[in-house]
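Just below is one structure, and these are the notes that go with it.
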Amino acid sequence: MDKKLMAAKEALNFVSPGNVIGLGTGTTANEFIKLLSKSDLCKSVMGVATSINTENLATNLGIKIVDIDSVDKIDVTIDGADEIDPSGNLLKGGGGALTREKKVALSSRDYVIIVSDEKMVQKIPDHMGIPIEILPFGKKKTIESIENLKFICRLRENFITDNGNFIVDCIPSNEIDMSVANREIKSLNGVVETGLFLNFKKTIIISDGEEVKILKN
Ligand code: 5RP
């Protein structure tokens with residue numbers, strides 16, 4: 001079976017009737033949304049979307065979408081990830097939805113990540129930079145201040161986030177402590193959010209196409 005579909009199918013077991021579900025962004029999360037729309041759960045659940053694309057897909061498939069501020073809590077969020085290290089730290093934002101994804105994850109009781117096995121790496125960032133959402137105003141100066149923390153940054157071209165901001169993909173030029181780097185980057189004026197999702201309590205569903213492995217941390 002397709003790896004993403006297999007992980008998405010397993011994630012349905014983490015949803016109960018009547019749940020408010022955080023709906024992630026990306027191709028793997030889309031597989032989950034399609035399966036959810038075809039299941040009996042669809043009649044009773046409500047979704048909080050992490051992006052406009054997700055909101056459009058879910059709405060078109062008949063899933064009721066509600067605003068994050070209209071619910072007290074989200075029962076469970078199902079989302080993908082770009083890279084996961086052995087400690088379960090996530091790198092997200094390949095699709096540019098990282099700020100909404102982090103807000104939804106932080107508002108969720110349970111957090112379930114669905115990935116194909118290629119997403120497991122020894123160290124993050126591995127094959128992409130750390131996506132960082134920045135304000136358009138003074139973007140050059142914000143990028144310079146990230147570069148001063150010893151990152152090589154590339155502005156994502158022709159891309160505007162759902163929040164009207166830019167994404168810079170930043171590769172560390174030497175060894176970094178991720179928590180320190182995350183804190184330092186987030187303290188810079190003009191930075192909205194980073195794609196480093198560290199220390200989230202979660203379940204990770206990994207599929208290799210033959211079977212799924214479930215990790216909890
Ligand atoms: C979007 C994300 C996605 O979760 C991440 O890019 C994974 O996407 P895909 O399932 O298509 O590989 O962080 O901002």
Side-chain angles (χ1 to χ4, degrees), residues 1-12 14 21-36 47-58 68 74 76-85 88-108 110-121 124-134 154-171 178 182 185-186 191-200 202-209 212-213 215:
M1 192 192 283
D2 175 77
K3 294 179 182 186
K4 295 175 184 180
L5 180 60
M6 198 170 188
K9 205 166 165 209
E10 184 69 26
L12 279 178
F14 291 78
I21 311 172
L23 300 173
T25 293
T27 52
T28 321
N30 285 351
E31 293 296 343
F32 171 77
I33 293 165
K34 287 185 224 160
L35 289 173
L36 180 67
V48 172
T50 53
S51 64
I52 294 171
N53 282 344
T54 290
E55 176 164 357
N56 289 341
L57 175 67
I68 187 167
I74 296 167
V76 56
T77 288
I78 314 287
D79 199 356
D82 295 297
E83 297 179 4
I84 305 179
D85 76 10
N89 293 310
L90 312 177
L91 187 65
K92 287 182 54 56
L98 57 103
T99 301
R100 294 189 186 199
E101 289 173 331
K102 203 177 272 189
K103 174 65 86 188
V104 169
L106 288 167
S107 310
S108 298
D110 297 332
Y111 189 34
V112 178
I113 295 295
I114 47 176
V115 287
S116 51
D117 54 353
E118 308 83 54
K119 302 290 182 74
M120 307 307 291
V121 298
I124 57 173
D126 179 68
H127 48 272
M128 60 185 263
I130 300 169
I132 301 173
E133 182 161 355
I134 63 167
R154 194 178 48 80
L155 182 68
R156 215 176 275 185
E157 277 177 29
N158 305 317
F159 186 86
I160 307 271
T161 71
D162 288 349
N163 312 310
N165 296 321
F166 294 132
I167 297 281
V168 228
D169 294 294
C170 302
I171 299 172
M178 267 179 315
N182 194 41
I185 295 166
K186 283 199 64 169
V191 168
V192 177
E193 190 49 90
T194 81
L196 288 168
F197 286 48
L198 312 176
N199 307 317
F200 275 82
K202 65 196 156 318
T203 300
I204 305 173
I205 301 174
I206 307 156
S207 161
D208 64 5
V212 290
K213 199 152 72 175
L215 306 179

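Residues: numbered from 1 along the sequence shown. Read the numbers this way: they start at 1 and go in the same order the structure lists the ligands and their atoms. Any value given below was found using the heavy atoms of this structure, including those in side chains, with hydrogens, waters and symmetry copies removed.
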Next on the checklist: I need the single residue from Ile84, Thr28, Asp82 that forms a side chain to side chain contact (heavy atoms under 4.5 Å, CB included) with Val115. Which is it?
Outcome noted: Ile84
Item to check | Donor-acceptor side-chain pairing of Lys4 and Thr27 below 3.5 angstrom | outcome: yes
Item to check | Any Gly24 heavy atom less than 4.0 Å to ligand 1 | outcome: no
Checklist entry - Less than 3.5 Å between some nitrogen or oxygen of Thr28 and one of ligand 1, yes or no? => result yes
Checklist outcome for this item: For Asp79, the ligand 1 atoms with a heavy-atom partner under 4.0 Å come out as 4 (O)
Checklist outcome for this item: Among non-hydrogen protein atoms, atom 9 (P) of ligand 1 lies closest to Thr27 OG1, 3.3 Å
Checklist entry - Is Ala29 close to ligand 1, meaning an N/O of one under 3.5 Å from an N/O of the other? => result no
Next on the checklist: Which of the numbered atoms in ligand 1 are under 4.0 angstrom from any heavy atom belonging to Gly80?
Outcome noted: 4 (O)
Checklist entry - Counting heavy atoms only, which part of Val115 comes closer than 4.0 Å to ligand 1: side chain, backbone, both or neither? => result neither
Checklist entry - Which residue owns the protein heavy atom closest to atom 3 (C) of ligand 1, what's the atom, and how far is it? => result Thr25 O, 3.2 Å
Next on the checklist: Evaluate Gly26 for polar contact with ligand 1, using N/O atom pairs at a separation under 3.5 Å.
Outcome noted: no
Item to check | Euclidean distance, Leu98 CG relative to Ser51 OG, rounded to 0.5 Å | outcome: 11.5 Å
Item to check | Protein contact to atom 13 (O) of ligand 1 [nearest heavy atom, distance to 0.1 Å] | outcome: Gly93 N, 2.8 Å
Item to check | Electrostatic pair Glu101:Lys92 at N-O distance under 4.0 angstrom | outcome: yes
Item to check | Minimum-distance protein heavy atom relative to atom 4 (O) of ligand 1 | outcome: Lys92 NZ, 2.8 Å
Item to check | Option passing side chain to side chain contact (heavy atoms under 4.5 Å, CB included) with Thr25 (candidates Val104, Thr54, Asp162) | outcome: Thr54
Next on the checklist: Once rounded to the nearest 0.5 Å, what's the spacing between atom CG of Leu91 and atom CE of Met178?
Outcome noted: 9.0 Å
Checklist entry - Quick one: OH on Tyr111 to CD1 on Ile78, what's the gap to the nearest 0.5 Å? => result 10.5 Å
Next on the checklist: Return the closest protein heavy atom for atom 5 (C) of ligand 1 as residue, atom name and distance.
Outcome noted: Asp82 OD1, 3.2 Å
Checklist outcome for this item: Of all protein heavy atoms, the one nearest atom 2 (C) of ligand 1 is Glu101 OE2, 3.2 Å
Checklist entry - Tell me, which protein residue and heavy-atom name are nearest atom 12 (O) of ligand 1, and how many Å apart are they? => result Lys119 NZ, 2.6 Å
Item to check | Gly96 neighbourhood, listing ligand 1 atoms whose heavy-atom distance to it stays under 4.0 Å | outcome: 14 (O)
Next on the checklist: Applying side chain to side chain contact (heavy atoms under 4.5 Å, CB included), can you list everything that pairs with Lys3, at least two apart in sequence or on another chain?
Outcome noted: Ser116, Asp117, Glu118, Ser207
Checklist entry - Do you know the tightest heavy-atom contact between Pro131 and Arg156? => result CB-NH2, 3.6 Å
Next on the checklist: Once side-chain hydrogen bond (donor to acceptor under 3.5 Å, both in side chains) is applied, do any residues pair with Glu31, and if so which ones, sequence neighbours excluded?
Outcome noted: none
Checklist entry - Does ligand 1 have a heavy atom under 4.0 Å from the side chain of Ala81, from its backbone, from both, or from neither? => result backbone
